[in-house]
Amino acid sequence: MNEIRALKLYNTLSGKKETFKSIVPGHVGMYVCGPTVYYDAHLGNCRTFVSFDVIYRYLLHLGYKVRYVRNITDVGHLTDDGEDRMAKGAKIAQLEPMEVAQKFTVGFHEMMRVFNTLPPSIEPRATGHIPEQIEMVQSILDRGYAYERNGSVYFDVPKFVNENPGVYGSVSGRVLEDLYAETRELKNQDEKNHPADFAIWMKARPQDLMVWKSPWSVGFPGWHLECSAMSTKYLGKTFDIHGGGNDLKFPHHENEVAQNHGSCGCSPANYWLHTNMLLLNGKKMSKSDGNFITAAELFSGDSPLVSKGYSPMAVKFFMLMAHYRSTLDITDDALLAAEKGFRKLMETHKLLQNMPVDPRNFDGSETDTDRAILSLIENAYQGMDDDFNTAVAIAALNELGGYVNKLANQQLSHSEVAPWVLERLKTVFKTFIHDIFGLKEEDANEDNGTLEGLMELLLDIRAQARQQKDWATSDKIRDALAVVGIQVKDGKEGATWSKT
RNA sequence: GGUAUCGUGGCCGAGUGGUUAGGCACAGGUCUGCAAAACCUGCUACAGCGGUUCGAAUCCGCUCGAUACCUCCA
């Protein structure tokens, strides 16, 4: 129903904004690196997936048919001591590795649900694609870009760099010289020809629990391989968009590109999108060094970092107030501001949707107000078209909200706004808030009309009292409701209410 | 040490050569029985120093500071 607008997005490969053109007109293939399920997802993870959810939703809104693939990594990561991450979690919890993976996968899905994100089209698991990964290792070997050493297989980075100029480093900006300059002491490097080489198949040691048979050894695939194999399987050798967190640029994405190139001689994705980090106390949130707050802690307020709990939608709105490529620092003040802004916008949204459209007295002329509203709507769209700038779109909605409130207060006459413009405004608010941002009323599923009925009665009684200038009764109702978290708002046409 | 990115008003945060970001906070006002809500107005910034330009927060250089990556990280 929507014509496809010109969309610009920032491509990490070129370092600038480019006009988006999909490989197959009207269709988009998008792959996003998903979570490693050995621990609770933290807020930083949430930000990335919320960002890509909005990107997914906007592409859908524009009319694209999108296949959105987001993986679950449930094997293959090595810890500093070389132990499989899933196995480590298993030992701590004394569970089967797949039990650990399952537990945190369920938790991750729950978190994504709480943030009201759409599920991806396909959510493949690394452990479910071992044959595909083994096949890819074989094709990389066949093409001469890997070598076997004692049952493990390593990607030959220097050879790849020599034979494919301009490819390695295209994501991270890193060049082989930098890698030569790497002086850090690394373990288990003795088998590699070059420090920049990386494992695509690891021979298992006795303590490894998740192992598979392969032509080279009983072992497990390298960390970067799963994404290469699964993106190829579901989206083809070359697809449109590949996304992930900034911190995955190197080595993960760089090596992913090398593997795809190494196995098929082509680039995996035309556009690489990277979200920036969520900071906490000005530092990156990271589960490995303990500087993080879980979403649950933020929601409950059970953390010294926040003065109170913040609802998932307020937190999501906070994230959307910043552009996805900027770092975003979590502070209590900023969350407080976002929460207020969110509630105000949602209240305005509710007012707007309940506003009657009456075409009877419309004289057919276009007013300055009409033009201003239409121009702000265009601003909102242009913001999204410009690399998914949710901050700009929200600013436009806020300004539009001013007109809505003025109409509701009768500070602006309904004759100033053409009926079709008001209808358009309603649609735009609905579209942006629900369809594109994926925001929703927080208490939408809590009551079933009971509260509405009670409030109608109370406000009716109060209106009668006010008519008789019985301020004591009137104020008693207002104050008592305030105590239970309901704010009464008196307007020209009677009172409305909202939860605080 | 190497490589990037960034430094915007009290706070958060868009913008990137000339035009209002927006939100929150604060102050004044309108409305109101009083409040609240809403609306209006005000506060009005681009780290520092140089350079390019008719014009720079926006481009270039340097300085200072911050963050991230450099084989666990979204």
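Order of the sequence lines fixes the chain letters, A, B, ..., with proteins taken first and strands second; residue numbering starts at 1 for each chain.
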* Asked: How would you list, by chain and number, every residue that makes a salt bridge (charged side-chain N to carboxylate O under 4.0 Å, His left out) with A/D332, sequence neighbours excluded?
  -> none

* Whole-angstrom distance between B/U44 and B/G50, as gauged at atom P -> 24 Å

* Asked: Any side-chain hydrogen bond (donor to acceptor under 3.5 Å, both in side chains) pairs touching residues 337-346 of chain A, not counting sequence neighbours?
  -> A/K308-A/E339

* Starting at the 5' end of nucleotides 12-27 of chain B, put B wherever the base has a protein heavy atom under 4.0 Å, S where only the sugar-phosphate does, and a dash everywhere else. => SSSS-----BBBSS--

* To do: Name the orientation class of the two ring planes belonging to A/H253 and A/H274 (parallel below 30°, tilted from 30 to 60°, perpendicular beyond 60°).
  => tilted

* With sequence neighbours left out, what residues match A/S170 under side-chain hydrogen bond (donor to acceptor under 3.5 Å, both in side chains)? -> none

* Structure fact -> Between A/D490 and A/G34, the residue closer to the 5' end of RNA chain B by nearest nucleotide is A/D490

* To do: Verify the contact: side-chain N or O of A/N405 to OP1 or OP2 of B/A38, cut-off strictly under 4.0 Å; return yes or no.
  => no

* Asked: Restricting to pairs with a member in residues 390-407 of chain A, which pass salt bridge (Lys or Arg N to Asp or Glu O under 4.0 Å), not counting sequence neighbours?
  -> none

* **Integer angstrom distance from the C1' of B/A47 to that of B/C64** => 8 Å

* Let me know the distance between CZ of A/F250 and P of B/A4, rounded to the nearest Å. => 14 Å

* A/V488 near the nucleic acid: base, sugar-phosphate alone, or nothing, with a heavy-atom cut-off under 4.0 Å? -> base

* Asked: What salt bridge (Lys or Arg N to Asp or Glu O under 4.0 Å) pairs are there with at least one residue in residues 112-121 of chain A, not counting sequence neighbours?
  -> A/E110-A/R113

* Asked: Can A/F49 be classed as stacking with the base of B/A74, given a centroid separation cut-off of 5.5 Å and a plane angle cut-off of 30°?
  -> no

* To do: May I have all residue pairs that pass side-chain hydrogen bond (donor to acceptor under 3.5 Å, both in side chains) and include part of residues 383-397 of chain A, sequence neighbours excluded?
  => A/R5-A/D385, A/K17-A/D386, A/Y58-A/D385, A/H323-A/D387, A/Y324-A/D387, A/R325-A/D387

* Pairing string, 5' to 3', for RNA chain B - Watson-Crick or wobble contacts under 3.5 Å, brackets [ ] where pairs cross, | to another strand -> (((((((..(((.....[...))).(((((.......)))))....(((((..]....))))))))))))....

* Taking atom C1' in both B/U20 and B/G42, what distance in whole Å separates the two? -> 15 Å

* Structure fact -> Contacts satisfying salt bridge (Lys or Arg N to Asp or Glu O under 4.0 Å) that involve residues 242-252 of chain A (not counting sequence neighbours) are A/D247-A/K284

